[in-house]
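To start, the structure under review is shown below, and the notes come after it.
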2 protein chains.
Amino acid sequence: MGVTKSEFFTKEQNEIATIAKVLGHPARIAILDFIIKLETCGCGDLVKDIGLAQPTISQHLKELKKVGILKGKIEGTSVCYCIDEEKWDSIRNKFNKFLNKNSTENCC
Amino acid sequence: MGVTKSEFFTKEQNEIATIAKVLGHPARIAILDFIIKLETCGCGDLVKDIGLAQPTISQHLKELKKVGILKGKIEGTSVCYCIDEEKWDSIRNKFNKFLNKNSTENCC
DNA sequence: CTTATTAATCGTAATATTACAATAAACATA
DNA sequence: TATGTTTATTGTAATATTACGATTAATAAG
């Protein structure tokens, strides 16, 4: 037990849940907010801005990279992180589609 | 350790992360899909449709109620679950706002 | 070559989540 | 009252997540 039974669900359900799960931590929302503002995008800047330890930020960045939301470009000793705009668009579409489903009837 | 440091983040960041976290499990997406289709909305119907055990579904329903996405109306021995349309709208707005942020520059 | 600088990885403790059997609670019906 | 039906709760095992110190890896600067 303790392990999600993905085989019970559709591809679409698993996909939206996977993205939502990654967005389900305020540090990762803060990272995305910061990178979108683009006040620079190195790991160290995020550490300073957010206040969590460097390995923790690095771990969150890894999660965001894993699902394809972030890309990283190595620049000397530093890394520049950016949103993958294509992925971002597809996420926006998925969530729009899901959240715009409207129930017609209502029992309560 | 092991506990999310919510005090490091803004109210908005914590709010969107809380909702995303609840949407971050395919069973809860499947529950919402089913209720939106409204092929009836009792816990037993969800158990049959999804295939997880009744206590597991009940637990997921509890999560969805906790953040206000679902309301439940008791009807005899059964319970009718429904989307809270007002909350659903506010979630749609929050996600739209978040996902429509666009980074102008891009380093990679 | 040595010493910073920056980010990733490893290891691990604390905590949270997922799933379900067993049970309880609430109501309906015979 | 006894019995069935439906959902919630309790308890618990398995697993996942979060956070960070210590370390490593890679490049830059002196």
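Letters go in sequence order (proteins before strands), and every chain restarts at 1.
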Please report, rounded to the nearest Å, how far the [atom2] atom of [N] is from the [atom1] atom of [X].
X: A/Asn14; N: C/dT18; atom1: CG; atom2: C1'; result: 15 Å
X: A/Lys73; N: C/dA8; atom1: NZ; atom2: C1'; result: 20 Å
X: B/Glu75; N: C/dA26; atom1: CD; atom2: C1'; result: 15 Å
X: B/Leu52; N: D/dA14; atom1: CG; atom2: C1'; result: 16 Å
X: B/His25; N: D/dT17; atom1: NE2; atom2: P; result: 11 Å
X: B/Arg28; N: C/dA19; atom1: CZ; atom2: P; result: 9 Å
X: A/Ile74; N: C/dA7; atom1: CD1; atom2: P; result: 11 Å
X: B/Lys66; N: C/dA16; atom1: NZ; atom2: P; result: 11 Å

Taking everything shown except B/Glu7 itself, do over 12 heavy atoms lie less than 6.0 Å from its CD? yes
Does any part of the side chain of A/Tyr81, heavy atoms only, come nearer than 4.5 Å to the side chain of A/Asp45, both counted from C-beta? no
Does B/Ala20 have any side chain to side chain contact (heavy atoms under 4.5 Å, CB included) partners at least two apart in sequence or in another chain, and if so, which? A/Leu23, B/Phe95
Kindly give the atom pairs (protein nitrogen or oxygen, nucleotide nitrogen or oxygen) under 3.5 Å for nucleotides 1-10 of chain D.
residue, atom, partner, partner atom, Å
D/dT7, OP1, B/Cys43, N, 3.1
D/dT7, OP1, B/Ser78, OG, 2.9
D/dT7, OP2, B/Gly44, N, 2.7
D/dA8, OP1, B/Lys65, NZ, 3.4
D/dA8, OP1, B/Tyr81, OH, 2.2
D/dA8, OP2, B/Ser58, OG, 2.9
D/dA8, OP2, B/Tyr81, OH, 3.2
D/dA8, N7, B/Gln54, NE2, 2.8
D/dA8, N6, B/Gln54, OE1, 3.0

Ignoring backbone atoms, test whether A/Lys21 places a side-chain nitrogen or oxygen under 4.0 Å from the OP1 or OP2 oxygen of D/dA16. no
Taking only N and O in the side chain of A/His60, is any of them less than 4.0 Å away from OP1 or OP2 of D/dT17? no
Donor-acceptor contact present, side-chain B/Asp84 to main-chain B/Leu70, <3.5 Å: no
With distance as the sole test, does B/Trp88 use its side chain to make a donor-acceptor pair with the main-chain N or O of A/Leu99 at under 3.5 Å? yes
Closest to the 5' end of DNA chain D, once A/Gly76 and A/Thr56 are matched to their nearest nucleotides, is A/Thr56
Any chance you could measure A/Lys21, atom NZ, to A/Arg28, atom CZ, to the nearest 0.5 Å? 9.5 Å
Please report the C-alpha distance between A/Thr56 and A/His60 in whole Å, then the side-chain angles of each, then the deciding distance to 0.1 Å, and finally whether the side chain to side chain contact (heavy atoms under 4.5 Å, CB included) criterion is met. CA-CA 6 Å; A/Thr56 307; A/His60 285 303; 3.9 Å; yes
